[in-house]
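Lettering of chains follows the sequences in order, A, B, ..., and the numbering in each one begins at 1.
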2 protein chains.
Amino acid sequence: MEKGKKTTRRMVTAYDVARVAGVSQSAVSRTFTPGASVSKATRQKVMDAAASLGYRPNFLARSLISQRSNLIGVVVPGMANPFYAQVLEQLAAAFEAQGYRVLLFSTASNEDSDPVLEEMLHYQLAAVILLSASLSSRFADECRQIGMPVLLVNRKSHSDAVSSVTTDNRVGGAKIAEFLIAGGHQRFAFLAGRESSSTSAEREQSFRNALLQHDITAIQREVGGYDFEAAAAATRRLLAGAERPDALFCANDLMALAALNVSRYEFDLQPGRDISIVGFDSLPISAWPVFDLTTYVQPVAEMVMQAVAIINAQLLDSEAPAIQCEIEGQLIVRGSARQPPGWK
Amino acid sequence: MEKGKKTTRRMVTAYDVARVAGVSQSAVSRTFTPGASVSKATRQKVMDAAASLGYRPNFLARSLISQRSNLIGVVVPGMANPFYAQVLEQLAAAFEAQGYRVLLFSTASNEDSDPVLEEMLHYQLAAVILLSASLSSRFADECRQIGMPVLLVNRKSHSDAVSSVTTDNRVGGAKIAEFLIAGGHQRFAFLAGRESSSTSAEREQSFRNALLQHDITAIQREVGGYDFEAAAAATRRLLAGAERPDALFCANDLMALAALNVSRYEFDLQPGRDISIVGFDSLPISAWPVFDLTTYVQPVAEMVMQAVAIINAQLLDSEAPAIQCEIEGQLIVRGSARQPPGWK
DNA sequence: GTGAAAGCGCTAACAC
DNA sequence: GTGTTAGCGCTTTCAC
């Protein structure tokens, strides 16, 4: 912050406007405060003066005095995965509609968001949203203490003092298992996301449990870390193995798309016929004819709605309890996995 | 545990730290100001007190008094196009590395960024970056007046008082034309982005010019508005027409991907054999085997580097002249377009 | 309804 | 090197 030539260009302040309008500075403030009491005449004078001077209230100063900012901090783990981009976009749109602004904190992919959280605490954020990232209990406590709502999206906390919005991962994992079993598959495999991710863990656990109901215990497993290249490599290992799986459940769509590419172009396996591949998320691009991916929908719009609702509730009452919101997803059957005869 | 206890949520200030450390408040300020002169002893006392109290400088207050914020406003036209997401991500990473933070302003796609610019002026932004959006000269003037650097990325201004970073669109358009001509194509088509976009216009114009050199003037044309669905519809019109093109240049990759899908799955045309499709951007996903798209690279990393360099220069000297930076792209030949024999 | 006055938390002269 | 002193631009009592 050493840089920057000092500009002598003083900005237009409420005082300047007051002087021109022939009113007090407070009158100017009131004019720009929705719901404050100003007479029609005063307001008009102020507006005219403001317009002529090109005045705009300084939101930073406003936040400082009013002790409340309209900045929402959002932590995203990069945007290589369209899912994150989509959630971020909708989150931003929803909050902007309410007069908030998103301050972006991109974390270098890894799950440890403590350093970035530390950074966030320097801005008087109205709230913090962590997308696909977890939160140390230390920070959870600290945020609660200063009355700053924190919300996990697409991830759950071990502590239920932290709010979260997720899809019903367990239902999804089970549904996919049943679908694959009904399709008559024999050799199952799971492609995991990051090991530390609650999301991947839930999907895997329920997948395994459902298979167990049918006495299927031998499940091959690789880790793709939610990354395209890593998932492609993992798929290669799986398909090159002795017991090539005929049913592959990937913890997210991006990895499923990688698996699709590898199967088709490196192993000459046609998804839906020679191998069944299922994802999780339902990215827009997964619906493209080239992929035609069977997947479990994470209803992004609904998740964002709930996220906004939870944040609003906490903002209204800082004593409000944390909420773990789990949203109903849906299995979308397309062509990348063999379809059981008569499947609804 | 005391529930419902009303916590007086005053934040920890430099004064509190000063009191505990037994020094003046300025000493605290200096401790947290890189390059300020504080003795080892004082600094230590301050750091200890700060740590014990959980003190963090308030960046908003700092910006207010120092008249310079570390907030960079970035306008993005949504993130459905991975190109935007990629640029945003790298931009954020680059600025964060310099101690800046990105304040996100997502505009509802359209090209008129005036309302959002208006919003931005309320925050004391260090600089503003417009991604694939244009700028009215009114705002360009206003921003210059208050000494706030503005930079267009992937778009050019008619005025050269506005800085911009773009790829050499004209070179790209011409190269693609030559490549397609060398491939022996007969019926050319161009799929435009938004009509108001300088980027699309430049690519089209140079494409046409290069074709003109070979006496090719009949060029079919549709508008895809940089949107996947719109581009798919446009492609349908093109392919259903009497004079079905055998060479299609799309103003960006996203639209080329749409064209690819439509060609292959709706018209049973194999790209690279029955029709040649070329894009512009070189998205990561365009390299996937399923698409194997021939395209012109926009070197995102380099563009971001230049963007940061330009902003830094303007920040250092607000009188610095605007810079129009044009970066050299590169034609990536892959399988979606027929390859001329012996093409280098 | 309106103005005066008191700060929000901080940096940056300025003396010492 | 350190403390003292002014404010940055604004909201918000509080009298009138």
Would you list the protein and nucleotides 13-16 of chain C atom pairs, both N or O, that sit under 3.5 Å from each other?
unit_1 : atom_1 : unit_2  : atom_2 : d
C/dA13 : N6     : B/Arg30 : NH2    : 3.2

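In terms of the side chain to side chain contact (heavy atoms under 4.5 Å, CB included) criterion, residue partners of A/Gln314 (sequence neighbours excluded) are, by chain and number, A/Pro149, A/Ser163, A/Ile310, A/Ala320. In terms of the salt bridge (Lys or Arg N to Asp or Glu O under 4.0 Å) criterion, A/Arg62 has no residue partners (sequence neighbours excluded). The salt bridge (Lys or Arg N to Asp or Glu O under 4.0 Å) test applied to A/Arg19 returns A/Asp16, not counting sequence neighbours. With sequence neighbours excluded, no residue forms a salt bridge (Lys or Arg N to Asp or Glu O under 4.0 Å) with B/Lys45. In this structure, the ring pair (Phe, Tyr, Trp, His ring centres under 6.0 Å) partners of A/Tyr55, at least two apart in sequence or on a different chain, are A/Phe32. Legend: residues meeting side chain to side chain contact (heavy atoms under 4.5 Å, CB included) with A/Ser137, ordered by chain and number and at least two apart, are absent. Remark: A/Glu302 engages no residue in a salt bridge (Lys or Arg N to Asp or Glu O under 4.0 Å) (not counting sequence neighbours).
In this entry the distance linking CZ of B/Phe32 with P of C/dT11 reads 10 Å, nearest Å. Between B/Arg68 atom CZ and C/dT11 atom C1' the separation is 10 Å, expressed in whole Å. Following rounding to the nearest Å, B/Gln25 (CD) and C/dA12 (P) show an atom-to-atom distance of 12 Å. We find that OH of B/Tyr15 is positioned 11 Å from P of C/dG9, with the value rounded to whole Å. For B/Asp16 and C/dG9, the CG to C1' distance is 10 Å, given to the nearest whole Å.
Note on A/Val28: nothing from the nucleic acid sits closer than 4.0 angstrom, heavy atoms only. Using a 4.0 Å heavy-atom cutoff across all strands shown, B/Tyr55 reaches sugar-phosphate atoms only and no base atom. Within the nucleic acid shown, A/Thr13 comes within 4.0 Å of sugar-phosphate atoms alone, with no base atom in reach, counting heavy atoms only.
Classification of the A/Phe59-B/His122 ring pair by plane angle, with boundaries at 30° and 60°, yields parallel.
Each of A/Ala61 and B/Gly22 has a nearest nucleotide on DNA chain D; the 5'-most of these lies closest to B/Gly22.
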(Q) Let's go through A/Arg155 and A/Leu130 carefully: what are the C-alpha distance in whole Å and the side-chain angles of both, what is the deciding distance for side-chain contact (heavy atoms from CB on, under 4.5 Å) to 0.1 Å, and is it a yes or a no? (A) CA-CA 8 Å; A/Arg155 205 108 327 171; A/Leu130 271 57; over 6 Å; no

Q: Please step through side-chain contact (heavy atoms from CB on, under 4.5 Å) for the pair A/Phe95 and A/Ile311, ending with a clear verdict.
A: CA-CA 10 Å; A/Phe95 280 114; A/Ile311 294 286; 4.1 Å; yes

Q: Show your reasoning for whether side-chain contact (heavy atoms from CB on, under 4.5 Å) applies to B/Leu121 and B/Ile146.
A: CA-CA 10 Å; B/Leu121 261 0; B/Ile146 61 173; 4.0 Å; yes

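If you walk DNA chain D from 5' to 3' and mark each nucleotide with an atom closer than 4.0 Å to a heavy atom of chain A, the marks span D/dG9 to D/dT13.
Of all the residues in residues 116-125 of chain B, not one reaches under 4.0 Å from DNA chain C with any non-hydrogen atom. Proximity of residues 39-50 of chain B to DNA chain D (heavy atom under 4.0 angstrom from any strand atom) is restricted to B/Ser39, B/Thr42.
Under 3.5 Å, the side chains of B/Ser197 and B/Tyr226 contain a donor-acceptor pair of N or O atoms. With hydrogens and angles left out, the side-chain atoms of B/Gln145 and B/Asp141 include no donor and acceptor closer than 3.5 Å. Looking at A/Arg43 and A/Thr31, their side chains never bring a donor and an acceptor atom within 3.5 Å of each other.
At a threshold of 4.5 Å between non-hydrogen side-chain atoms, the residues B/Met120 and B/Met148 do not count as touching.
One finds the OH atom of B/Tyr123 at 8.5 Å from the OG atom of A/Ser69 (value rounded to the nearest 0.5 Å).
With the end axes of the helix from C/dG1-D/dC16 to C/dC16-D/dG1 each set by five pairs, the angle from one to the other reads 30° at 10° resolution.
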